[in-house]
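Reading through the structure tokens given below for one structure.
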Amino acid sequence: MIGDYVSIGHRVSIITSEHSYEDPDKAIKYQPIRFKAVEIESDVWIGANVTILAGIKIARGSVIAAGSVVTKNIDVPFSIVGGVPARFIKGRFND
């Protein structure tokens, strides 16, 4: 789900599946694929070259810095995050 007024930069990847690897008797190539929805709430800005992994939720009003890899939920609205993996930098409206 992508909310209203979301800005998505160039070359962003929103991944909604991942490979499993739990069965040691089966080649990884033949392991099942799991599908997990991504939820991006309204008023989010996703910079260029960001990768968002399967099952992630991004809170309303957040900013994802260019080149970041989002591996965990961004639960706090109006967060600015960045890096590999993406980490909290500050709130958008901090003084």
Side-chain angles (χ1 to χ4, degrees):
M1 192 262 332
I2 298 178
D4 297 323
Y5 310 109
V6 173
S7 295
I8 299 176
H10 298 282
R11 296 178 50 179
V12 168
S13 295
I14 300 172
I15 310 299
T16 58
S17 64
E18 60 187 22
H19 293 275
S20 62
Y21 51 85
E22 289 80 15
D23 186 348
D25 298 323
K26 190 182 284 187
I28 289 176
K29 178 178 179 175
Y30 298 111
Q31 302 268 344
I33 294 175
R34 291 182 283 233
F35 295 93
K36 297 181 179 180
V38 170
E39 183 177 347
I40 301 168
E41 294 185 349
S42 295
D43 190 32
V44 170
W45 178 11
I46 302 170
N49 298 310
V50 167
T51 299
I52 301 169
L53 297 184
I56 295 298
K57 179 178 178 183
I58 299 175
R60 177 173 85 93
S62 295
V63 175
I64 316 301
S68 298
V69 177
V70 183
T71 61
K72 294 183 180 177
N73 290 341
I74 301 167
D75 296 320
V76 178
F78 305 106
S79 294
I80 298 174
V81 301
V84 180
R87 298 185 191 281
F88 180 82
I89 296 171
K90 66 178 188 173
R92 276 180 52 192
F93 302 110
N94 289 356
D95 291 339

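The figures that follow rest on heavy atoms only: side chains count, while hydrogens, waters and symmetry mates do not.
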* Chi angles and distances behind the salt bridge (Lys or Arg N to Asp or Glu O under 4.0 Å) call for Arg34, Glu22 -> CA-CA 12 Å; Arg34 291 182 283 233; Glu22 289 80 15; 3.5 Å; yes
* Asked: Mind checking whether Ile15 and Thr51 have side chains closer than 4.5 Å, heavy atoms only?
  -> yes
* Structure fact -> Tightest non-hydrogen contact, residues Asn73 and Lys57, listed as OD1-N, 2.8 Å
* Side-chain donor/acceptor of Gln31 to backbone N/O of Asp23, under 3.5 Å -> yes
* Between Arg60 and Asp4, is a salt bridge (Lys or Arg N to Asp or Glu O under 4.0 Å) present by the stated rule, with each step listed? -> CA-CA 10 Å; Arg60 177 173 85 93; Asp4 297 323; over 6 Å; no
* To do: Report yes if some heavy atom in the side chain of Phe88 is under 4.5 Å from a heavy atom in the side chain of Ile80; otherwise report no.
  => no
* Ser68 side chain to Gly83 main-chain N or O, any donor-acceptor pair under 3.5 Å? -> yes
* Heavy-atom count around Arg92 CZ within 6.0 Å, excluding the residue itself: above 12? -> yes
* Structure fact -> Between Val12 and Gly47, the two heavy atoms sitting closest are CG2-O, 3.3 Å
* **Min side-chain heavy-atom separation Pro85-Val69 under 4.5 Å** => no
* Structure fact -> Nearest heavy-atom contact between Ala54 and Ser17 is CB-N, 3.8 Å
* **Test applied, side chain to side chain contact (heavy atoms under 4.5 Å, CB included); reference residue, Ile8; option that passes from Ile46, Ile52, Ile64, Val50** => Ile46
* What are the two closest heavy atoms between Ala59 and Val44, and how far apart are they? -> O-CG2, 3.5 Å
* Within a strict 4.5 Å, meaning less than it, do heavy atoms of the Val81 and Lys72 side chains meet? -> no
